[in-house]
Amino acid sequence: MSDTDTKAKPVMIMQAINAAMADAMTDDDAVVVLGEDVADPEEGGVVGVTKGLSSRFGEKRVRSTPISEQAIIGAAIGASLVGFKPIAEIMLMNFTTVAMDMIVNHAAKLRFMSGGQTHVPIVIRTMTGTGMSSGGQHCDFLESWFAHTAGMKVVAPSNPADAYGLMRSAIDDPDPVLFIENLPIYWQKGEAPEPGHRVPLGKAHVAKQGSDVTIVSYSGTLLQALAAVEAMDAAGVSAEIVDLRTISPWDEETVLASVRKTGRLLIAHEAVTKHGVGAEIAATVSSELFRELKAPVSRLGAPYAPVPFSKPLEDAYAPKAAGIAEAAISLCK
Amino acid sequence: MSDTDTKAKPVMIMQAINAAMADAMTDDDAVVVLGEDVADPEEGGVVGVTKGLSSRFGEKRVRSTPISEQAIIGAAIGASLVGFKPIAEIMLMNFTTVAMDMIVNHAAKLRFMSGGQTHVPIVIRTMTGTGMSSGGQHCDFLESWFAHTAGMKVVAPSNPADAYGLMRSAIDDPDPVLFIENLPIYWQKGEAPEPGHRVPLGKAHVAKQGSDVTIVSYSGTLLQALAAVEAMDAAGVSAEIVDLRTISPWDEETVLASVRKTGRLLIAHEAVTKHGVGAEIAATVSSELFRELKAPVSRLGAPYAPVPFSKPLEDAYAPKAAGIAEAAISLCK
Amino acid sequence: MTGNDVLGAEIQLDIYRRAALLKANDERSRKVITTGRLVMPYYSYRGQEIIPSALCANLTDDDYLVTIYRGIHDMLAKGMPLKKLWAEIAGRVDGTCKGKGGPMHLTYPARGIMVTTGIVGSSMPIANGLAWGAQMAENSRVAVATFGDGASNIGAFHESLNLAAVWKLPVIFVCQNNHYAEHTTYEKATAARQISDRGHGYQMPGVRVDGNDPTAMYHAAREAVERARAGEGPTLIEAMTFRFHGHVFGDADGYMDKAQKAEAIANDPVPRFRQKLIEDGIASEDELAAIEADVARQIDEAVDFALASAFPEISELTTDVYGAMA
Amino acid sequence: MTGNDVLGAEIQLDIYRRAALLKANDERSRKVITTGRLVMPYYSYRGQEIIPSALCANLTDDDYLVTIYRGIHDMLAKGMPLKKLWAEIAGRVDGTCKGKGGPMHLTYPARGIMVTTGIVGSSMPIANGLAWGAQMAENSRVAVATFGDGASNIGAFHESLNLAAVWKLPVIFVCQNNHYAEHTTYEKATAARQISDRGHGYQMPGVRVDGNDPTAMYHAAREAVERARAGEGPTLIEAMTFRFHGHVFGDADGYMDKAQKAEAIANDPVPRFRQKLIEDGIASEDELAAIEADVARQIDEAVDFALASAFPEISELTTDVYGAMA
Ligand SMILES: Cc1ncc(C[n+]2csc(CCOP(=O)(O)OP(=O)(O)O)c2C)c(N)n1
Ligand SMILES: Cc1ncc(C[n+]2csc(CCOP(=O)(O)OP(=O)(O)O)c2C)c(N)n1
Ligand SMILES: [Mg+2]
Ligand SMILES: [Mg+2]
């Protein structure tokens, strides 16, 4: 994928991510990629998100690894300390569980613990998302763990242009960024990103203007919120939809401005509601806009349960458009 | 420590935990202990919390392990599936990062994923706490990660009697329980627990009655809240102090009843405020008591930063009595 | 009995019966998926049938198994009932796990199938725990962890082998080396000349065996089981085999060496074994055909049963999270 | 040069100078803690001085080191300035990390001291990354990870050695085997006959060496460094030594074998080396005394400097969390 054709026609999210990595590697020799199956002899990953990169930039810069997530993140950290900007893939978010020490005790803390002498400019790409019938160990959303970890940034795009722009910013960023890709929406098409375009970290995007209720969401659930617009409109509810894009640090300013306007807030995400990212946003907004809220802040996430395999259960697990519409409408009653 | 002398005089928290394990092992042969240095040839742990157990119950039931946290939790899970009730020690909470897969993807989920055919009755003991000059990798509070994990229970006592009673309940419980011990308060003395006494999981305790503001806390910070009473009284603020004891599932009923009475809520804990356990409580209470709250819910935790080494910084890191009093008083203004 | 002794006819037929079931079940699974009757990520084990068939001929229902996403062959060999299996992978309420686990998380304690994990390497620490339980209970059961070649590079492998050796646990680590970890070859990911060499670092017997040879595999398993039951500790078995399909069924397996794959398929271990049974006069063509027909009928029944079974109630979404609290 | 060759006088004195500094610094640290002038968890390395002294005689400032909580000897041998060290462990603003890291997290990139970790095993994955960086930059630097015997049983050890071997990284894994991991003996926790045996499972040279013998340790390190610089990949060195004190300074070391400990102390490697330098005519008593006096003076100055340094401002609590955002 070259700069010219990314501009030409709508692209899929996974193409945008691929293009962002390719463009960053073109611009900066320090950008390198590692992870399981990421090189082209291994087909550029199980889904092919890194396809073409090793053919173009060489297997020295795009390295497939053993199944050793601690070693992957450790290698990324070490190389980042001496001038490289590694993009490390942890194939699925549930597999971050075997690399938490490297991420939390090391990547996130080295800048602070060294008194600013060193820093860890790495991007950790990981994918997740329910809807693929993969059961309890392959599609958790664990972003609140990382948002709770001082020193980490957490990003989750919902469309190709943001995916490109956030990836470029994540690579530019001097600190570790967890980049969450939503597997079931990889093939979602959207406007092609401008080559070189950056979406700043920490800035939310008002995806749709509205006046009655603010819906804050991100990643795949943001698309569900957009899909709920018709039903909300039909019920006479004008929703403002805020795509958080960066989960940590999150854009309090944009969210507060929107809720100040609408007076109501619904937060929707695929993670388990309890102790999820919605809790932090709800707590902050409830406190900051104590006298301005017209209704209690509402949260819609997954139930307190692992992801089930059986299709009807899996379908009922994460918030969908219908549930979002229902929650938003009932908030406005 | 025998049953008789635990009754006779005040005991330290660590003695109460030791007694709870000893009594459980006496009552039930299925209770076994494993972890680094836990047996008596290794001095019953670096702090001595398991001292005496292997001498009394044998090294078959109290086993020191290699430094292999995944293997420790895996061994506990496996043995629990075939009738044992292992108490596994992960020495410090930061070391759970190397065992997250075993805890989160396996211990917490096996009951659900097996459709209830199996379950994992293990207790994971772990200690943490700032104040020992141990720097950035040895004293994090990560309880919100586990509270976010469906299937786990999370417990954190603040006094000897609760430590005993919660440990007995955790051992009785048919599911995995993370038992958080606060290292700097191990030597804190208090009323001796009744042998055999259980403190039910999921039940908070009103540690002090009050009428102006509810302070919800747990573990070491609860003691700071109690130490703040004098300053609050002096300022004419009557605080009700709720010791959560079980962090997940938390006792919404008791907390809501208290806040309904006082109209104000401060949540204080040692973990980083952002995305901490306080967020879930604040979000829930703000929503449930939307019209009854007299002031926005306030949260007091650690700043968004790793734990610093330097003493003045470490002292300023986690909430202390003075800060709690100040926050509670200002909430009542 | 030494590693080269010819197996008795009964044992050989026992192994073949399992292998025939496994092979037919894989073929049916792929067909059911291809025709769209079921949707699931399916990790074909075609080509690896002999390993669990010969292994499980040495185990009892009381022995424990922890297997992985590519593990339906292991489970079937260990005695997983077909109907419950199919109902589970169809997400139905009559499945072993009421449809909540699915193909990567099948569990069936009645046959010692204790855990199926989707996390690479995680079968081993849990198998240790089962073995530790058996050791404490002194019931002479053994635990088996199966896993792939790629899994031998993850931390849990190392911690598990060391703990098992230090504690002399009755556990058997069965590495099914099928040359690939997802799309990555053994050579590109693994520094060891062979995985069995790693046993040395734990003073544990490390045995490399042709996992496609029923006799060799049977003997290797037998020795390991005897060692475990005798309290002499764990064994690492590296069973050489080959995966006939891509990592997950449906992937374009362009990363696989065509010639190597063609050769492996030409040497398909199940028909090879069948042929040998006839040549050696262990069984007649008719007898084997009868076994296969029986297997086919059982699978037919299981598929029908599964597809006729109901989906779980939506309320199951939040049950089995906790048991009754103490 | 082979493993038995006598070292030149200059090299021997270089090693001794480092070792004398390390020994004196440990003694001073314990005294400063005992007298209450500093409060910190202190992991005495007394008895292990020769290992990093001989190792670092083979390294340049550009080479990388990742060490652990018990690693002040490693850092000092690698060139950590004393004043910055002492200010850091005193939590002062003039410390390498402005007092924010402390004794378990000292960092000093100017001498290649890139990370100090308090997590067992975690020096290794990061050292790999530094070595990978050197490999990509083709600057012929090497990275050293030091760790203890207990750390050889954790998953990160395994993943790191495998990756390093597969990628032929210029990294050296230096296991300082002091017989104990906290309170647990080598034998109780480790299945390997010796840790160096584990190299075999990665087709990596695994070398066991008397870490208390400067010549043997120097040669082992030299070979490993040459191999790494030549692009021939990693080496595992198991350096045998003994920890004279408890795990953390102040613990009652009742779990240690008294006789073994007494013998180790009787064979204290630093005075033994000193004695030999004199016997072999490498240096006179006076010359060595001068070195020691110099070291003592430097430490005096460093302690004074540290204790006179200010504590960081409270505002430092929230700086260095993020850099300037892109
Ligand atoms: C910790 C972890 N990392 C990555 C994966 C993704 N993954 C699933 S299967 C697999 C390959 C495993 O290969 P191998 O161990 O050889 O087993 P095989 O599939 O060949 O039977 C990978 C990388 C995972 N499930 N768990
Ligand atoms: C993952 C992890 N588990 C446990 C600990 C606690 N701990 C600190 S040092 C230590 C012993 C390490 O022994 P060894 O590797 O031999 O090094 P030594 O201290 O002897 O130099 C342990 C268990 C830790 N820091 N990290
Ligand atoms: Mg494989
Ligand atoms: Mg040691």
Side-chain angles (χ1 to χ4, degrees), chain C residues 119-126 128 131 147-169 171 173 175 177 181 184-208 227 232-236 238, chain D residues 119-126 128 131 147-169 171 173 175 177 181 184-208 227 232-236 238:
Chain C
I119 308 295
V120 165
S122 298
S123 59
M124 294 173 262
I126 299 177
N128 270 349
F147 55 98
D149 47 296
S152 77
N153 296 322
I154 202 161
F157 168 91
H158 177 66
E159 294 191 9
S160 301
L161 267 70
N162 184 61
L163 187 78
V166 173
W167 287 10
K168 277 193 176 285
L169 296 176
V171 63
F173 300 103
C175 178
N177 185 341
T184 302
T185 60
Y186 175 87
E187 293 72 24
K188 200 156 181 179
T190 317
R193 196 175 49 93
Q194 53 189 52
I195 291 168
S196 56
D197 280 358
R198 291 184 168 165
H200 181 58
Y202 316 99
Q203 297 185 277
M204 183 191 299
V207 185
R208 186 184 233 203
R227 184 177 297 127
E232 290 161 17
T235 303
L236 170 62
E238 178 184 19
Chain D
I119 308 295
V120 165
S122 297
S123 58
M124 293 173 262
I126 298 177
N128 271 350
F147 55 96
D149 46 297
S152 76
N153 295 322
I154 202 161
F157 168 91
H158 177 65
E159 295 191 9
S160 301
L161 268 69
N162 185 61
L163 187 79
V166 173
W167 287 11
K168 277 194 175 285
L169 296 176
V171 62
F173 300 103
C175 177
N177 185 341
T184 302
T185 60
Y186 176 86
E187 293 73 24
K188 199 156 181 178
T190 317
R193 194 176 51 95
Q194 53 188 53
I195 290 167
S196 56
D197 281 358
R198 292 186 167 164
H200 181 58
Y202 316 98
Q203 296 185 276
M204 184 190 298
V207 185
R208 186 185 233 202
R227 184 176 297 125
E232 289 161 18
T235 304
L236 169 63
E238 179 184 18

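Numbers restart at 1 for each chain; the letters A, B, ... are given by sequence-line order, proteins then strands.
For the pair Asn153(C) (side chain) and Glu159(D) (backbone), a donor-acceptor distance under 3.5 Å is absent.
The side-chain heavy atoms of Lys188(C) and Val166(D), taken from C-beta on, include no pair separated by under 4.5 Å. Side-chain contact between His200(C) and Asp197(D) is present, with heavy atoms from C-beta onward closer than 4.5 Å.
Among Glu187(C), Arg198(C), Arg193(C), the residue with the largest count of heavy-atom pairs under 4.5 Å with chain D is Arg198(C). Here Gly201(D) is the residue among Gly199(D), Gly201(D), Ser196(D) with the most heavy-atom pairs under 4.5 Å with chain C.
Ala165(D) approaches Ala191(C) most closely through the heavy-atom pair CB-CB, 3.4 Å. Contact record, His158(C) with Ile154(D): CD2-O, 3.3 Å, taken as the closest heavy-atom pair.
Looking at Ser152(C), the atoms closer than 4.5 Å to chain D (heavy atoms on both sides) all sit in the backbone: N, CA, C or O. Neither the backbone nor the side chain of Ala164(C) has a heavy atom closer than 4.5 Å to any heavy atom of chain D.
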